[in-house]
Amino acid sequence: MSKEDILIDLRGVTKTYERGGESLTILESLDLELPRGTFAALMGPSGSGKSTLLNLIAGLDKPTAGSIEIAGQRIDRLSEAKLAKFRSSSVGFIFQSYNLLPVLTAVENVELPLLLAPVAASERRKRAQTALRVVGLEDRMDHYPRQLSGGQEQRVAIARAIVNDPVLIVADEPTGDLDRKSADEILKLMETLNRELGKTIIMVTHDPAAAARAGVVHHLDKGRLQRKADGGEHA
Amino acid sequence: MTLTSLAARNLLRNKVRTSLTLLGVAVAVVTFLLLRTVVAAWTGGAEFAAKDRLVTRHKVTFVMPLPKRYIDEIRALPGVKAATFCNWFGGKDPKHDREFFAQFACDDGYFDVMTEQQVAPADLAAYKADRTGAVIGESLAHVMGWKVGDEVKLETGIYPSDSGWAFTIRAIYKATSRNVDKSSFFFHWDYLNQGLPEGRRDAIGWVTSRVDDPAHTAEVGVAIDRAFDDKDTQTLSQDEHTFQAGFLAGFSAVLYAFDAISIAILLVMTLILGNTIAMGVRERTSEFATMRALGFMPQHLRWFVLGEAGVLGLLGGALGIGIAIPLIQGLLGRFLEENMGNIFPVFRLPFGACVLALSCALGLGILAALLPARSAARVNVTDALRKLV
């Protein structure tokens with residue numbers, strides 16, 4: 001595999017937190033390589049460091065040691081401002097609780113990340129409508145989050161995650177708040193994004209059924225990657 | 001959607017809270033404006049004082065009289081166009097002993113010097129022809145129900161009289177502008193003087209002079225005082241503004257109290273706004289964390305919070321002014337001018353106070369939001385997002 005094919009490249013990543021005068025190591029000398037177009041799941045027990053790893057890859061946090069390269073860019077060296085720019089242009093976020101702004105309609109929520117890009121208002125609206133069409137919510141554009149079901153809210157969140165055409169989508173327990181049927185629909189949608197649009201997705205999950213949809217599953221325990229498996233092993 | 005419309009939407013997130021905050025700010029602004037109007041009404045006389053008039057009084061204190069002969073010497077001084085004198089009477093109508101109004105015993109030249117209080121020539125002639133005649137302001141006439149020809153009896157502790165002081169109202173003066181007192185009672189100084197015991201006669205309270213050239217008011221004042229420098233009773237001459245300001249200084253404690261209450265009201269307004277903004281920021285921690293994750297910078301969040309607070313302050317201030325204008329100009333002002341014109345001849349909302357109130361509402365709104373804005377900008381994204389799960 002050539003270097004250009006690698007989207008996520010972590011080398012010797014360590015993350016420690018200072019809590020009450022004590023040093024707490026969450027991730028220790030972790031190496032991870034993910035090619036472009038991968039749909040990867042991160043699994044592991046609570047406190048194993050899954051979300052911390054996801055935050056580091058998404059540029060929400062910085063490692064204590066080691067290097068993180070995303071699409072050839074060393075993000076662990078970026079300033080706060082450049083990291084924010086990196087997130088807005090290169091990363092799409094899907095959260096467990098959807099995190100939509102309740103004062104905005106579905107289409108306005110999807111537009112939100114584009115407010116930071118030099119895009120005209122009409123173009124912003126067009127792109128947001130297209131993203132909502134992709135997730136099958138063209139008939140719910142003007143609905144507020146409170147008027148949508150959990151599954152629909154998560155679809156809006158997915159539309160928000162893809163609207164700026166990011167190279168990477170990070171999802172933290174995207175089906176954690178959903179019933180089985182809605183969870184399956186969301187996972188199917190994520191599969192489609194990966195397969196048909198070629199999006200690289202990295203998803204933290206506790207749910208083996210969700211992990212089964214991923215092409216590759218990484219298991220973490222006590223801050224270390226334990227093993228790598230095919231998604232099919234969790235089916 | 002724009003960043004501005006997003007900030008505006010946040011204001012409408014909790015309509016009840018926003019409405020109550022706006023109302024709180026508006027009430028504070030109305031109270032503030034009411035106090036500033038009281039202060040402006042009280043001090044308005046000094047602000048609108050004539051520039052070409054001098055007031056000469058006893059050098060020691062306003063309450064000590066001057067010899068009556070001084071008026072002739074003052075009238076003879078170069079630069080003095082006209083001069084008049086008055087005594088404070090300090091009386092009351094026993095039939096209306098709750099009503100306070102100022103009474104002055106003045107010489108007949110009074111209305112030549114105080115030209116902003118105008119009497120019809122025929123009425124003035126009738127007044128001058130009647131030794132017990134009196135001229136009253138139109139507001140006083142309205143409040144007391146007096147009219148030309150009515151007989152009035154006043155009592156005073158300064159100039160006691162067994163039978164009281166009887167007057168016949170011969171004229172009602174009108175004011176040429178709103179800020180001129182319309183509630184005073186004037187009568188002949190000679191009538192007062194002749195009714196006093198020998199030892200108290202020929203004493204005058206103060207002299208008011210009109211000078212030829214307003215640019216030389218100060219020099220004329222110095223010349224007047226110099227003329228009496230070597231006499232037993234020395235004088236102090238001041239331009240009308242300084243004289244009235246000095247008179248108001250006697251009430252400085254009350255004015256300071258009004259200022260202090262005004263500042264307290266502004267502080268209350270700041271706390272109302274600060275509390276609302278802080279609550280809003282605390283409730284939206286997860287949203288701010290989400291926005292930060294999506295690429296918004298700390299300064300974006302800071303400006304969101306400051307902008308919201310500024311708009312809230314501005315809207316509250318505008319609402320307060322919107323309430324204060326009809327309340328003060330239409331209802332309260334009209335009532336006070338008609339019924340308490342002696343204290344508040346002009347009770348009108350000063351434009352400057354409205355500008356000050358609006359600026360304070362905006363500025364203090366932003367000030368109140370500084371700490372919440374700092375909290376929003378410094379939100380720990382990973383911690384705030386983790387709390388959601």
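Proteins come first, then strands; the chains are lettered A, B, ... in the order of their sequence lines, and each starts at number 1. Owing to the predicted nature of the structure, the values given are computational and were not obtained by experimental measurement.
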(message) Less than 4.5 Å to any heavy atom of chain A: does that hold for the side chain of B:T2, its backbone, both, or neither?
(response) both
(request) Inspect the surroundings of CZ in B:R374 and state if more than 12 heavy atoms from other residues, nucleotides or ligands are less than 6.0 Å away. (result) no
(request) Please say whether more than 12 non-hydrogen atoms of neighbouring residues, nucleotides or ligands are located less than 6.0 Å from CD in A:E18. (result) yes
(request) Name the region of A:L60, side chain, backbone, both or neither, that has any atom closer than 4.5 Å to a heavy atom of chain B. (result) both
(request) Could you tell me which residues in residues 78-87 of chain A have at least one non-hydrogen atom under 4.5 Å from a non-hydrogen atom of chain B, sorted by residue number? (result) A:E80, A:A81, A:A84, A:R87
(message) Please determine whether the number of non-hydrogen atoms from other residues, nucleotides or ligands lying under 6.0 Å from atom CZ of A:R77 exceeds 12.
(response) no
(request) Would you check if the side chain of B:R9 reaches a backbone N or O of A:P102 as a donor-acceptor pair within less than 3.5 Å? (result) no
(message) Any non-hydrogen side-chain atom of A:L101 less than 4.5 Å from a side-chain atom of B:R284?
(response) no
(message) Counting C-beta onward and ignoring hydrogens, is there a side-chain heavy-atom pair between B:L385 and A:N99 closer than 4.5 Å?
(response) yes
(message) Are more than 12 heavy atoms, taken from residues, nucleotides or ligands other than B:R334, located less than 6.0 Å from that residue's CZ atom?
(response) no
(message) Rounded to the nearest 0.5 Å, what separates atom CG in A:L112 from atom CG in B:L6?
(response) 6.5 Å
(message) Please report the interatomic distance OG(A:S88) to CE(B:M297), rounded to the nearest 0.5 Å.
(response) 10.0 Å
(request) Against chain B, label A:L116 side chain, backbone, both or neither, depending on which of its atoms sit under 4.5 Å from a heavy atom there. (result) side chain
(request) Could you tell me whether A:Y17 atom OH has more than 12 heavy atoms of other residues or ligands within 6.0 Å of it? (result) yes
(request) Report yes if the side chains of A:R160 and B:T290 come closer than 4.5 Å at any heavy-atom pair, otherwise no. (result) yes
(request) Against chain B, label A:Y98 side chain, backbone, both or neither, depending on which of its atoms sit under 4.5 Å from a heavy atom there. (result) neither
(request) Mind checking the CE-CD spacing from B:M1 to A:E111? Nearest 0.5 Å is all I need. (result) 5.0 Å
(message) Quick check for you: to the nearest 0.5 Å, what is the distance between B:N380 atom CG and A:D61 atom CG?
(response) 7.5 Å
(request) Please state whether the side chain, the backbone, both or neither of B:R292 comes within less than 4.5 Å of a heavy atom of chain A. (result) both
(message) Can you tell me which of B:G295, B:A289, B:S5 forms the most heavy-atom pairs within a distance under 4.5 Å of chain A?
(response) B:G295
(request) Give the minimum heavy-atom separation between B:A293 and A:F95, together with the two atoms involved. (result) CB-CZ, 4.1 Å
